[in-house]
Protein chains: 2
Amino acid sequence: MNGEAEFLAGYDATAYPAVAVTVDVVALTIRDGRLCVLLVERAEHPFAGHRALPGGFVRADEGPDAAARRELAEETGLTPGEGQLERVHLEQLKTYGDPGRDPRLRVFSVAYLAFAPSLPDPSAGGDAAGAYWMPVDEAAALAFDHDVILSDGLERARAKLEYTPLATAFAGDEFTISELRAIYAAVWGEDLHAGNFHRKVLSVPGFVEGTGQTSTRGGERGGPKPKLYRAGDARLLHPALLRPTREDGVR
Amino acid sequence: MNGEAEFLAGYDATAYPAVAVTVDVVALTIRDGRLCVLLVERAEHPFAGHRALPGGFVRADEGPDAAARRELAEETGLTPGEGQLERVHLEQLKTYGDPGRDPRLRVFSVAYLAFAPSLPDPSAGGDAAGAYWMPVDEAAALAFDHDVILSDGLERARAKLEYTPLATAFAGDEFTISELRAIYAAVWGEDLHAGNFHRKVLSVPGFVEGTGQTSTRGGERGGPKPKLYRAGDARLLHPALLRPTREDGVR
DNA sequence: TTAATAGTGTCTTTCAGACAATATTAT
DNA sequence: ATAATATTGTCTGAAAGACACTATTAA
């Protein structure tokens, strides 16, 4: 059968149950050295009082990418055009559409993954009274299937840090190698050897480029003033930075 | 604003334009040493006479995964329960939902990627008179945005072969190292060094396991009888088999 | 001074890739 | 016999990881 073709040729919108399409965003940032996710507090049933990923309906005149960026802007209080929101890395994660995942009607949710540099508390901007950043290891019992979505997003984020330079999306314009290492440590949940990490990062072509500048201060507990770097022009890391303690082969 | 929550609380199905959700499948197989994709011939407008990826509407009682497997079964003539269809690897690829991608109504398509061992011609089974396997390098000018979906699917497939043992999903139950190498060559579009590939495959834990058997015949143009292997229990290849001529870093 | 950090050097092991060599089989 | 293939061996260079070392700075 010519599935889609045949179906749509005879499609009558009123003959089928209503379907809604939303976007949900797994927005990650680093705060105080911990990996945090943006959550909202639900006011309405179902799951009233539960935490959930920020999200909303895809409007008729926008694609899902635009909807995700709009939702992220609404929840974080960032406004388009100032460069901040544009610097947030946003990519599609996966679509969740099992029957019953929303008790009210059939909802397909296109989930997105966002990497943001440290942002002000979302309650400051917008009307998101119940929005905040929460460490990912404390984020549980989320509404709907958002626990699964968050888990999938974290795994994707951890994998992406291996073979892309996206860790720099968590940092400011200029950063030190130590700050970059802290990002990897927060996302992967394990410490990395400082010396080997330093040499490795500088050896990957296009990962970072030096600014020629040096930080005005050393570390909080001593140490020399580190050099400053900015993101390079590589889109893939080669060779990749592989996670350490991944059990071989995953049988 | 509590995006999804607020919206859905006040959701009235008749107050919003109709939205449809379909699945489209990029089903890949190897035929005569070439990577091929399953296509259908469209009979109806729009894009009548054009080729398209097989797909169809997600029914009310099934999730998108089940819908994709059902569509694949309908187009290939494979029937569930015989093991053949179950051995096809199927994974979600990406969702496409830009306004205007279907000229009739708003359609979100959840695309899937399938790896199948060599299958009979689809015209034999089912009622898919206009369905066939076509080499991917000849598949162009597809309906809707299916060129983009196919391109995304091919890139995903090429990447997956690097760090997963999914190449074995293109092979039969038992295969030789040469056959496995031919699969890599077909998907990546470049020849691989026989000696190095052989040693590499056997050195990755859990990639393949020997059957103790030997092929009954050597190659068509001579050579010793090769040993037979089956898929091992690894779900990730470590270390990975990286593609050769990828330009460093991709700036 | 003390302790912590930045950055570099060294060594070992693993692995990728080039290349060679040998044995086996279809034609 | 000839040519193609399967399989193993050898060598070189890249790269990961463990560890050590020096220089610099905050407290």
Side-chain angles (χ1 to χ4, degrees), chain A residues 33 161-163 174-185 188 190-229 236-249, chain B residues 33 161-163 174-185 188 190-205 207-208 210-229 236-249:
Chain A
L161 257 56
E162 290 192 311
Y163 57 93
E174 299 190 342
F175 51 84
T176 68
I177 303 293
S178 281
E179 287 166 355
L180 190 60
R181 177 163 48 86
I183 290 169
Y184 273 90
W188 284 350
E190 44 191 329
D191 288 331
L192 301 173
H193 186 285
N196 289 340
F197 181 86
H198 196 105
R199 181 163 22 79
K200 171 75 183 179
V201 166
L202 296 185
S203 78
V204 176
F207 191 0
V208 300
E209 61 183 22
T211 64
Q213 304 294 314
T214 294
S215 172
T216 56
R217 247 186 77 84
E220 291 187 8
R221 295 184 289 282
K225 296 170 182 165
K227 295 178 187 167
L228 289 174
Y229 297 85
L236 291 174
L237 301 185
H238 187 71
L241 276 102
L242 299 181
R243 275 173 281 184
T245 54
R246 36 161 28 169
E247 329 73 84
D248 268 12
Chain B
L161 256 56
E162 291 192 310
Y163 57 93
E174 300 191 340
F175 49 85
T176 68
I177 302 292
S178 281
E179 287 166 355
L180 190 60
R181 177 164 48 86
I183 290 169
Y184 273 90
W188 285 349
E190 43 193 329
D191 289 330
L192 301 172
H193 186 284
N196 289 340
F197 181 86
H198 195 106
R199 181 164 21 80
K200 171 77 182 179
V201 166
L202 295 185
S203 78
V204 176
F207 191 2
V208 299
T211 63
Q213 304 296 312
T214 293
S215 172
T216 56
R217 246 186 76 84
E220 293 188 6
R221 294 184 289 281
K225 297 172 185 166
K227 295 177 187 168
L228 289 173
Y229 298 84
L236 290 175
L237 301 185
H238 187 70
L241 277 101
L242 299 181
R243 275 173 279 184
T245 56
R246 38 160 26 169
E247 331 73 82
D248 268 13

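Letters go in sequence order (proteins before strands), and every chain restarts at 1. If you're wondering where the values come from, they're calculated on a predicted model, not measured in any experiment.
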Problem - N or O in side chain of A:Arg221 less than 4.0 angstrom from D:dA26 OP1/OP2 - result: no
Handout entry: Between D:dT5 (C1') and B:Leu180 (CG): distance, integer Å
Key = 16 Å
Handout entry: Whole angstrom value for the distance that separates P of D:dT24 from NZ of A:Lys227
Key = 12 Å
Problem - Contacts of type side chain to side chain donor-acceptor pair (under 3.5 Å), residue B:Arg217, not counting sequence neighbours - result: none
Exercise for the section: Specify the residue among B:Gly222 and A:Lys225 whose closest nucleotide of DNA chain C lies further upstream toward the 5′ end. Expected result: A:Lys225
Problem - Phosphate-side-chain proximity, A:Arg181 and C:dG7, N/O vs OP1/OP2 below 4.0 Å - result: no
Exercise for the section: With sequence neighbours excluded, tell me which residues meet side chain to side chain contact (heavy atoms under 4.5 Å, CB included) with A:Asp191. Expected result: A:Ala185
Exercise for the section: Calculate the interatomic distance between A:Phe175 atom CZ and C:dA6 atom C1'; express it in whole Å. Expected result: 16 Å
Problem - Check: A:Leu228 main-chain N/O paired with A:Thr211 side-chain donor or acceptor under 3.5 Å - result: yes
Problem - Length of the CZ-C1' vector between A:Phe197 and D:dA15, whole Å - result: 16 Å
Completion exercise
Residues at least two apart in sequence or cross-chain that pass side chain to side chain contact (heavy atoms under 4.5 Å, CB included) with B:Ala194, listed by chain then number, are B:Arg181
Problem - B:Glu179: partners by side chain to side chain contact (heavy atoms under 4.5 Å, CB included), with sequence neighbours left out - result: B:Phe175, B:Thr176
Practice task
Return the value, rounded to whole Å, for the distance between atom CG of A:Leu192 and atom P of D:dA18.
Solution key: 11 Å
Taking N or O atoms only and anything under 3.5 Å, show me the protein contacts with nucleotides 19-23 of chain D, one pair per line.
| residue | atom | partner | partner atom | Å |
| --- | --- | --- | --- | --- |
| D:dC19 | N4 | A:Asn196 | OD1 | 3.3 |

Handout entry: Given D:dA15, D:dT8, C:dT5, the nucleotide with the shortest approach to the side chain of B:His198
Key = D:dT8
Exercise for the section: Apply side chain to side chain donor-acceptor pair (under 3.5 Å) to B:Gln213 and list each qualifying residue two or more places apart in sequence or on a separate chain. Expected result: none
Handout entry: Integer-rounded Å distance: D:dA3 P and B:Glu220 CD
Key = 19 Å
Problem - Beyond-backbone contact of B:Glu162 with B:Trp188, side-chain heavy atoms, under 4.5 angstrom - result: yes
Handout entry: d(NE2, B:His238; C1', D:dG17) in whole Å
Key = 12 Å
Practice task
Report which part of the nucleic acid B:Ser203 touches: base, sugar-phosphate, or nothing (heavy-atom distance under 4.0 Å, all strands).
Solution key: nothing
Exercise for the section: Would you kindly compare B:Ala240 and B:Thr216 by the position of their nearest DNA chain C nucleotide and give the one closer to the 5′ end? Expected result: B:Ala240
Handout entry: B:Ser178 side chain near D:dA6 phosphate (N/O to OP1/OP2, under 4.0 Å)
Key = yes
Handout entry: Whole-Å distance separating the CG atom of B:Leu202 from the C1' atom of D:dG9
Key = 14 Å
Completion exercise
Closest to the 5' end of DNA chain D, once B:Pro226 and A:Leu242 are matched to their nearest nucleotides, is B:Pro226
